[in-house]
Amino acid sequence: MRIETDIKLGFKDVMIRPKRSTLQSRSQVSLDRTFEFLHGAKSWTGIPIMAANMDTVGTFEMAEALARHHLFTAVHKHYQHQDWAKFLNIAPRDIAEYIAVSTGTGEADSERLATLLSSFPQLRFICIDVANGYSEHFVEFVKRTRAQFPDKVIIAGNVVTGEMVEELLLAGADVIKVGIGPGSVCTTRVKTGVGYPQLSAIIECADAAHGLGGQIIADGGCKIPGDIAKAFGGGADFVMLGGMLAGHDESGGELIQKDGKHLKLFYGMSSKTAMNKYAGGVADYRASEGKTVEIPYKGAAEETVKDILGSLRSTCTYVGASRLKELTKRTTFIRVQEQHNEVFS
């Protein structure tokens with residue numbers, strides 16, 4: 001046993017210090033980024049904000065809504081082959097640039113992935129997603145997937161430390177998902193005591209990834225648009241959102257009415273609700289590590305997306321970053337005890 005005593009920080013612990021700017025308007029800020037990948041062929045250009053691969057967020061409908069703004073969606077893994085066929089026939093031709101096929105690491109997952117990519121070769125992003133990215137089995141699955149699909153872009157996670165980022169990149173991944181326990185409907189930290197404050201995880205993992213030519217996704221922990229800005233400021237290449245994109249028309253999840261209010265069901269993919277739906281219940285040897293909540297119905301995702309993008313442009317103007325790529329270079333974090341005035345909260 002050992003204890004690390006250096007400070008680890010979450011989004012609530014810091015704010016971004018303003019700097020002089022020559023920008024006259026938020027409209028002068030470009031949020032587009034272009035990435036070259038370590039292994040996967042071709043570059044990608046878009047706004048690097050992602051919908052999480054949860055069935056109450058990462059839906060085909062959400063993918064269409066976000067792609068209109070050049071945002072990305074990691075589509076959840078529970079769609080059937082015929083669902084993909086219908087979606088790709090209806091959706092715009094360039095939709096494949098803004099979606100990833102999600103997969104677990106089981107044998108059935110591997111077979112499903114191979115079938116999908118064989119049938120729909122235009123799909124070039126793979127999201128290999130497990131709660132615990134530290135297992136040897138996971139690393140081996142990444143290696144096999146890279147050997148099987150040498151030209152695809154592989155997203156892999158989740159981890160929170162630099163050495164594991166490096167191992168996954170060397171195993172064949174291009175982009176590493178960073179975050180253990182920060183999600184709004186994740187209870188991993190409560191159930192297991194395991195986790196890592198998200199901002200520090202981003203800073204450390206970004207440093208490791210960029211040293212090898214890879215990228216990271218800050219996955220989880222963003223409650224408000226300002227948190228997205230802090231994630232980018234900390235070095236994240238992409239930011240993945242769950243709860244902030246839940247509750248919309250496009251989000252999936254059951255729409256219910258209670259006490260005259262419209263609500264939508266939102267749950268973690270390791271929750272009892274998800275395991276009852278897809279795995280025949282919670283296995284005897286494990287515990288549920290996710291919540292099921294009812295959140296206010298938010299209507300179409302369009303207004304939420306505009307609010308997020310407008311807020312991020314505003315961040316850039318406060319620090320003088322004309323492009324999103326410059327934000328991390330222009331970011332100085334200051335430690336704080338409070339974030340905002342809560343008198344009317």
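For clarity, every value in this text was computed on a predicted model and none was experimentally measured. One-based numbering along the sequence shown.
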Exercise. Hey, can you tell me if Tyr98 and His70 have their rings parallel, tilted or perpendicular (30° and 60° cut-offs)?
Key: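 Tyr98 and His70: parallel rings.
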So does [Y] get a backbone contact from the side chain of [X], meaning a donor-acceptor N/O pair under 3.5 Å?
X	Y	answer
Ser21	Val319	no
Gln339	Lys12	yes
Arg124	Ala41	yes
Glu250	Ala301	yes
Thr73	Ala51	no

Using only heavy-atom distances, determine whether the side chains of [X] and [Y] contain a donor-acceptor pair under 3.5 Å.
X	Y	answer
His81	Thr115	no
Ser314	Arg26	yes
Thr56	Lys264	no
Glu302	His69	yes

Quiz item: Can you name the nearest heavy-atom pair linking Ala229 to Thr315, along with the distance?
Solution: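 Nearest heavy atoms, Ala229 then Thr315: CB-OG1, 3.4 Å.
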Self-check item: Ion pair check, Lys8 and Glu204, cut-off under 4.0 Å
Solution: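 Yes, charged N to carboxylate O under 4.0 Å.
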Self-check item: Among Phe35, Phe72, Phe120, ring-ring contact (aromatic ring centres under 6.0 Å, His included) partner for Phe125
Solution: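 Filter result, single survivor: Phe72.
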